[in-house]
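Just below is one structure, and these are the notes that go with it.
Below, each value reflects all heavy atoms present in this structure, side chains not excepted, and no hydrogens, waters or symmetry copies. Indexing begins at 1, ligand by ligand and atom by atom, following the structure's order.
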Amino acid sequence: MEKRLSQKTIFLTGAARGIGATCARIFVSQGAKVFLVDRDQVALEALAAELNQAGEVAIPRVLDITNRADVEQAVHSMHEVWGRVDVLINNAGITRDSLTAKMTEEAWDQVIAVNLKGPMICTQAVFPIMKEQQSGVILSASSVSALGNIGQANYAASKSGLIGLTKTWALEFARFGIRVNAVAPGFTATEMVTTIPEEIQAKLVAQIPLRRFATPEEIAKAYTFLASDDASYITGQVLYVDGGLTAGF
Ligand SMILES: NC(=O)c1ccc[n+]([C@@H]2O[C@H](COP(=O)([O-])OP(=O)(O)OC[C@H]3O[C@@H](n4cnc5c(N)ncnc54)[C@H](O)[C@@H]3O)[C@@H](O)[C@H]2O)c1
């Protein structure tokens, strides 16, 4: 059977660990080449070295996605080397949780900058190339928290903002053959969740109909499907991958 992402070139943010690193491994196993972007140089270069053992399939680039000049330069390099930018995955994201009454302006600004402005910058950087190609896929990491979550006003605003961006980009870019969707993971077993105190983790699991957190692989497979030509008629959608958490909402 042909691999799902054969010949695709993918610009992947937040690639160094968690869902991003798992996406990188699965994308490569499905025939893609990955341009790996993250702020964490050590983890990023280790991942690229691991992936490149079986052939030159990964290029690491250390940058902060809120830096427009660095993002534009990275997209330009990827295009120069591989000649195409088929897929953008806006995966990088952060949390700075606290109740609204106590939330600092700094915590607000940081989360909005990384989770909302960063994807806007990356999308603006790849768009002219995808328009020229008359094809492309843009996927972004939303979250079940987009629907509201105590202690996450900044994060929830950023993740529901991404849904607004996704739908707007889907409408604006469809005529150029570019599909745009979001993946909204539920609680997923990465550092973002495993660092939550254990008693709170147990309470969270009890609310999930499937009674467990997602694995990063389960989220990466949703990205793989939406990035592939199997999803060729899907645009402007949010795919909740949440073990049933939002089914009763
Ligand atoms: N883990 C979950 O339960 C969960 C649930 C819903 C949504 N999400 C979303 O999925 C995405 C990935 O989550 P994760 O759990 O793998 O997170 P993670 O914290 O394990 O990894 C995030 C990666 O993004 C990188 N990063 C952060 N800010 C960056 C920046 N400004 N520039 C470049 N890289 C940056 C980090 O260095 C890290 O490698 C995030 O957008 C997150 O909000 C996660």
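Salt-bridge annotation for Glu50 and Arg25: present, with a side-chain N of the basic residue lying under 4.0 Å from a carboxylate O of the acidic one. One finds a salt bridge joining Arg212 and Glu218 here, because a Lys/Arg side-chain nitrogen approaches an Asp/Glu carboxylate oxygen to under 4.0 Å.
For a heavy-atom separation below 4.0 Å, the residues in contact with ligand 1 are Gly14, Ala16, Arg17, Gly18, Ile19, Asp38, Arg39, Leu63, Asp64, Ile65, Asn91, Ala92, Gly93, Ile94, Val114, Ala141, Ser142, Ser143, Tyr155, Lys159, Pro185, Gly186, Phe187, Thr188, Thr190, Met192, Val193.
From Lys221, atom NZ reaches atom CZ of Arg4 across 10.0 Å, with rounding to the nearest 0.5 Å.
In this structure, a donor-acceptor pair under 3.5 Å is present between the side chains of Gln124 and Arg68.
A 6.0 Å sphere centred on CD of Glu106 holds no more than 12 heavy atoms belonging to other residues, nucleotides or ligands.
Checked against the 6.0 Å centroid threshold, Phe127 and Phe176 count as a close aromatic pair.
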